[in-house]
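Some notes on the structure that comes next.
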Amino acid sequence: MSTRTPAPAWFRLDDLSAVGSVRRFATDLAVAVDFDEQKVNDFAIIVSELATNLVKHAQDGALLVRPVRGDETVGVEVISIDTAPGMADLAAMHVDGRSTVGTLGIGLGAVTRLADRSEGFSLPGRGSVLCAQLWHEPPPPKPWAEGLTRPLTGETVSGDAYAVRTVAGRRQVMVSDGLGHGPLAAAASQAALQLFHTAPDEPLPRLLERLHRGLSHTRGAAVALAEIDPDAHVVRVCGLGNIAASLVTGEQRRNLISMPGITGHGKANIRQFEHPIEDHSLLVMHSDGVTDKWTLHPYPGLPARSPLLIAATVLRDAGVRRDDACVLVARAHP
């Protein structure tokens with residue numbers, strides 16, 4: 001991947017003039033990850049189709065276009081989010097050539113046909129979340145944890161970040177919220193990501209201590225770490241600051257504990273908490289740019305879908321525009 005690969009970008013789709021800007025960004029991104037001409041064109045078509053559908057048919061439509069990375073390959077991804085009208089039969093709309101009045105006429109079938117991986121979730125009256133990816137090589141295995149971030153309105157970078165790693169068989173995740181917003185907040189979270197990814201295999205309290213020391217040169221961040229241990233049927237959580245974490249198991253949602261403080265500054269009261277999980281449990285973590293009033297109850301079948309679709313739905317329903325926002329979802333069992 002090029003060292004000058006564009007950062008992830010959000011686009012509000014309010015009128016057709018925005019479609020050209022999104023297409024140009026998508027083209028530049030596909031070129032930056034060294035796609036051949038065919039894949040560059042394919043990604044541009046995918047993004048244009050999703051963008052045009054949002055402008056013509058959706059309310060509060062937005063696209064996230066970003067690079068993605070597997071263990072041995074790189075790719076590009078577009079995520080389409082809207083609040084209405086939603087679709088009763090999403091599968092039917094993915095048939096090539098299926099169209100409603102005023103669309104491009106190629107329908108979402110082009111997205112399915114051209115993408116290496118695509119998925120979506122939609123309900124009438126509640127909107128849709130659609131995702132499409134292209135990869136250099138065959139797509140990597142579907143991830144057990146995924147997330148997304150969105151900057152404060154008016155900012156181009158987010159002070160929130162998330163990370164996922166497996167080390168010595170231990171499945172760990174992190175959510176970081178750099179204090180404030182803008183480039184300095186983003187620098188704090190990027191430092192946290194670097195420390196997280198390069199840290200050795202160690203218990204969460206020691207890892208959080210490492211982050212606390214390592215962020216002392218930044219403005220600091222709220223950070224939460226979690227480790228899923230499916231063999232022991234537990235999740236371990238360790239955090240400093242206002243990162244929310246919840247376990248969702250069926251109809252039940254349990255809020256998990258994080259200690260007050262700022263990672264990188266002041267005295268750190270670091271404690272680890274352990275909670276039982278079931279095979280179908282979900283761990284949902286988010287920054288304070290997402291309100292705690294979200295629920296998955298109105299979305300039958302969504303908890304069984306990919307972590308990315310769940311995270312995007314939570315961000316859409318509970319994210320606020322006056323702050324950076326981040327949501328990460330992880331499965332108890334991959």
Side-chain angles (χ1 to χ4, degrees), residues 50 53-54 57-64 77-95 98 100 107-109 111-112 115 117-133 139 141-148 150 162 164 173 175 226 228 230 233 235 244-256 275-286 290-320 325-334:
L50 292 176
N53 283 340
L54 287 178
H57 299 291
Q59 297 177 19
D60 297 322
L63 283 182
L64 171 61
E77 177 179 69
V78 56
I79 303 168
S80 168
I81 300 175
D82 63 73
T83 61
M87 292 172 270
D89 190 349
L90 183 59
M93 296 304 297
H94 279 79
V95 175
R98 176 68 178 265
T100 53
L108 296 179
V111 175
T112 302
R117 178 177 289 163
S118 64
E119 59 180 344
F121 187 88
S122 185
L123 281 180
R126 292 192 174 273
S128 306
V129 175
L130 307 172
C131 173
Q133 299 173 344
K142 292 184 178 181
W144 57 272
E146 295 176 277
L148 66 168
R150 185 178 66 194
Y162 68 91
V164 179
V173 296
V175 171
I228 295 175
H233 296 282
V235 60
S246 301
L247 272 179
V248 178
T249 305
E251 297 293 318
Q252 295 183 341
R253 174 181 163 190
R254 180 190 313 160
N255 292 330
L256 310 183
H275 307 272
I277 57 172
E278 298 181 19
D279 288 351
H280 59 286
S281 294
L282 295 171
L283 173 66
V284 181
M285 301 170 65
H286 60 81
V290 177
T291 71
D292 202 38
K293 300 186 183 301
W294 58 269
T295 176
L296 303 184
H297 292 167
Y299 304 104
L302 180 61
R305 305 300 297 276
S306 76
L308 181 59
L309 288 182
I310 300 169
T313 300
V314 171
L315 179 65
R316 179 194 65 192
D317 291 353
V320 299
C326 174
V327 183
L328 177 140
V329 177
R331 292 201 172 282
H333 277 261

Using atom types as modelled and distance alone, determine if a side-chain donor or acceptor of Y162 lies under 3.5 Å from a backbone N or O of L328. no

May I ask you to test the T249-H280 pair for a side-chain heavy-atom distance under 4.5 Å? yes

Side-chain heavy atoms of V284 within contact of W294, under 4.5 Å: yes

Interatomic distance, D317 atom CG to K293 atom NZ [nearest 0.5 angstrom]: 14.0 Å

Could you check whether any side-chain heavy atom of V248 comes within less than 4.5 Å of a side-chain heavy atom of I310, counting everything from C-beta outward? no

Rounded distance (nearest 0.5 Å) linking atom OG of S118 with atom CG of L108: 9.5 Å

Could you tell me if the side chain of V129 sits less than 4.5 Å from the side chain of L308, heavy atoms only? no

Hey, is the main chain of E251 close enough, under 3.5 Å, to the side chain of H297 for a donor-acceptor pair? yes

Is L282 close to R331 at the side-chain level, that is, under 4.5 Å between some pair of heavy atoms? yes

Taking atom types as modelled, is there a side-chain donor on E119 or S306 under 3.5 Å from an acceptor on the other? yes

Are L123 and P300 packed together at the side-chain level, in the sense that at least one heavy-atom pair is separated by less than 4.5 angstrom? yes

Name the orientation class of the two ring planes belonging to Y299 and F121 (parallel below 30°, tilted from 30 to 60°, perpendicular beyond 60°). perpendicular

